[in-house]
Protein chains: 2
Amino acid sequence: MLKKESQNLEIDNLDIDILKQLMQDATKPYTEIAKDLIVSGGTIHVRMKKLQEMGIIKGSHLIIDPQKAGYDVTAFLGIYLEKGIQYKDAVAQLSKIKEVVELHYTTGAYSMFAKIICRDTSHLRHVLNEEIQAVPGIQRTETLISLEESIRRQIEL
Amino acid sequence: MLKKESQNLEIDNLDIDILKQLMQDATKPYTEIAKDLIVSGGTIHVRMKKLQEMGIIKGSHLIIDPQKAGYDVTAFLGIYLEKGIQYKDAVAQLSKIKEVVELHYTTGAYSMFAKIICRDTSHLRHVLNEEIQAVPGIQRTETLISLEESIRRQIEL
DNA sequence: GTTGAAAAGTGCTGCGA
DNA sequence: TCGCAGCACTTTTCAAC
């Protein structure tokens, strides 16, 4: 017997429609989605199970307002690594810094690119000067501070 | 009579603990959270209602894997605006481009900074050359392509 | 503000088409 | 493969502490 991967691995329009709705509000009841799409609740359930097994759905997050939670400063960091430094080691070090919420290995001017969220400017200064600079292999960084987040959304399927 | 804003606007440790749990999995049942924190389900409900009214909770999102959904290329874009161009106008234009998932007004080298998600490199080329360049006021852009997203998480409360 | 339980609604699982 | 129906579970509300 083959592994159960041999099931239907395709995504149709119904799957897309379900994802579209849940990407905006992950707590929307299946029954309501079913009404909108004119299928039964059971069908939604089967599709969701398939999408989860396929790994397309990675989970769900509660979206909080960072500013109202006391995190007022968003910054981007272009990072220059020293030659010969293992990228993986730098990632391991940076992942220990809780304020780093996103890290990319990039082409272009920088070796790596990070997004950082801090309480205020003094908190940011501490993270930059004490935490980031302490990571071995980081040669230099360039900071871009976000004065306003004008757009924030998910991809449209 | 005053507006109902005169209610309790403070956040205590219980609120933080609830948020911590739901930030990782927005579908976690209240009853389970209640058991973990050793309070009743009703209390969780009251706190959640308060947090939503305060605007700390902005909603919930289903997290999908962009690569498995056919979006394989993440890029960052440093944008130089022409002098005298209204920032707001550029935002309005860029928000029409569905591939732009994040846009910040920044200090530093660039006027604005965008995050873009595309299906593949030819899709990215199209967005950059046709869509972005067509926005009035954009003088020049610098592209950073993400080869790997090494860290992706939410702030820790 | 919190509790505990009742009432309403939702999610899950088989059976049938 | 999909839809329907019953059971289990969760959400929501409310009187009482």
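Letters go in sequence order (proteins before strands), and every chain restarts at 1.
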Whole angstroms only, please: what is the [atom1]-[atom2] distance between [X] and [N]?
X: B:K35; N: C:dG4; atom1: NZ; atom2: C1'; value: 15 Å
X: B:E10; N: C:dG1; atom1: CD; atom2: C1'; value: 14 Å
X: A:M48; N: D:dT1; atom1: CE; atom2: C1'; value: 19 Å
X: B:I33; N: C:dT3; atom1: CD1; atom2: P; value: 15 Å
X: B:I18; N: C:dG1; atom1: CD1; atom2: P; value: 13 Å

* Student check: side-chain heavy atoms of B:I79 and B:S111 closer than 4.5 Å -> no
* Asked: For B:R47, what residues pass the salt bridge (charged side-chain N to carboxylate O under 4.0 Å, His left out) criterion, not counting sequence neighbours?
  -> B:D12, B:D15
* Asked: Using a cut-off of 4.0 Å between protein heavy atoms and nucleotide atoms, how would you tag nucleotides 3-17 of chain D 5' to 3' with B, S and -?
  -> BS-----SBSB----
* Taking only residues at least two apart or on different chains, which pairs with a member in residues 127-137 of chain B satisfy salt bridge (Lys or Arg N to Asp or Glu O under 4.0 Å)? -> none
* How would you list all residue pairs meeting salt bridge (Lys or Arg N to Asp or Glu O under 4.0 Å) that involve residues 76-86 of chain B, not counting sequence neighbours? -> none
* Sequence neighbours left out, what pairs pass side-chain hydrogen bond (donor to acceptor under 3.5 Å, both in side chains) with at least one residue falling in residues 30-39 of chain A? => A:K28-A:D36
* Structure fact -> Besides A:L144, the hydrophobic cluster formed by Ile, Leu, Val, Met, Phe, Trp and Tyr side chains linked at under 4.5 Å, directly or via other members, contains A:F76, A:Y80, A:Y110, A:F113, B:F76, B:Y80, B:Y110, B:F113, B:L144
* Asked: Can you find a side chain N or O atom of B:R47 that sits less than 4.0 Å from OP1 or OP2 on C:dT2?
  -> yes
